[in-house]
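On a predicted model such as this, the values are computed, not experimentally measured, just so you know. All heavy atoms count here, side chains included; hydrogens, waters and symmetry mates do not.
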Amino acid sequence: MKTITHVIQDPLGLHARPAGLLAKAAGACGACAVNLTCKDQTVDAKRIMGLMKLGAKQGDTLTITCEGENEDAAAASMESFLKENL
């Protein structure tokens with residue numbers, strides 16, 4: 001299991017566009033389970049509605065956990081996505 005933490009820098013937080021892109025990026029991780037935790041709520045990062053439900057704002061800390069097949073590659077991909085988009 002690999003864990004990544006990231007503080008949201010985007011002034012708009014995790015709104016619809018980045019949530020959709022994040023879900024798509026997580027979906028590209030294949031069989032690896034990708035979960036996102038924010039403010040004591042954990043959701044499947046491959047599901048846009050779960051991501052939107054979090055209501056993550058600028059300054060909030062996101063914790064992504066990748067577990068399963070190719071978890072190292074999935075964690076690296078998610079870390080890169082977060083740095084570029086949030």
Side-chain angles (χ1 to χ4, degrees):
M1 177 168 57
K2 296 287 184 179
T3 302
I4 303 161
T5 58
H6 178 78
V7 177
I8 298 176
Q9 303 298 316
D10 188 326
L12 299 175
L14 186 60
H15 58 92
R17 184 186 54 79
L21 294 173
L22 177 58
K24 186 175 180 179
C29 294
C32 184
V34 182
N35 293 308
L36 189 142
T37 303
C38 181
K39 299 182 269 187
D40 297 326
Q41 289 184 322
T42 301
V43 298
D44 182 348
K46 297 178 182 181
R47 308 242 180 236
I48 188 170
M49 294 308 291
L51 295 172
M52 295 293 296
K53 184 177 82 169
L54 293 174
K57 302 192 180 331
Q58 183 180 26
D60 287 349
T61 300
L62 303 177
T63 303
I64 291 190
T65 305
C66 301
E67 186 171 5
E69 190 176 318
N70 298 321
E71 63 188 32
D72 292 328
S77 172
M78 292 288 89
E79 185 170 27
S80 175
F81 175 87
L82 292 172
K83 287 180 181 178
E84 292 173 12
N85 295 285
L86 290 174

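Across all their heavy atoms, Ala45 and Leu51 have their closest contact at O-CD1, 3.5 Å. Taking every heavy atom of both residues into account, Leu14 and Pro18 meet most closely at CD1-C, 4.1 Å. Residues Gly68 and Cys32 come closest through the heavy atom pair N-SG, 4.3 Å. Here the shortest heavy-atom pairing between Asp60 and Gly55 reads OD2-O, 4.2 Å. Scanning all heavy atoms of the two residues, the minimum distance from Met78 to Leu22 falls at SD-CD1, 4.1 Å.
Residues Val34 and Met52 do not share a hydrophobic cluster, defined by chaining ILVMFWY side chains whose heavy atoms lie under 4.5 Å apart. Leu62 and Leu21 fall within the same hydrophobic cluster, defined by Ile, Leu, Val, Met, Phe, Trp and Tyr side-chain heavy atoms under 4.5 Å apart, directly or through other members. Under the 4.5 Å side-chain heavy-atom criterion for Ile, Leu, Val, Met, Phe, Trp and Tyr, Ile48 and Leu86 are members of distinct hydrophobic clusters.
For Asp40, there are no salt bridge (charged side-chain N to carboxylate O under 4.0 Å, His left out) partners, not counting sequence neighbours.
Other residues, nucleotides and ligands place more than 12 heavy atoms under 6.0 Å from the NZ atom of Lys39.
None of Leu54, Thr63, Thr65 except one satisfies the side chain to side chain contact (heavy atoms under 4.5 Å, CB included) rule with Leu36; the exception is Leu54.
Residue pairs meeting the salt bridge (Lys or Arg N to Asp or Glu O under 4.0 Å) criterion with at least one partner in residues 64-77, sequence neighbours excluded, are Lys2-Asp72. Among residue pairs with one or both ends in residues 4-28, none qualify as side-chain hydrogen bond (donor to acceptor under 3.5 Å, both in side chains); sequence neighbours excluded.
For the atom pair Phe81 CZ and Ile4 CD1, the distance stands at 12.0 Å (nearest 0.5 Å).
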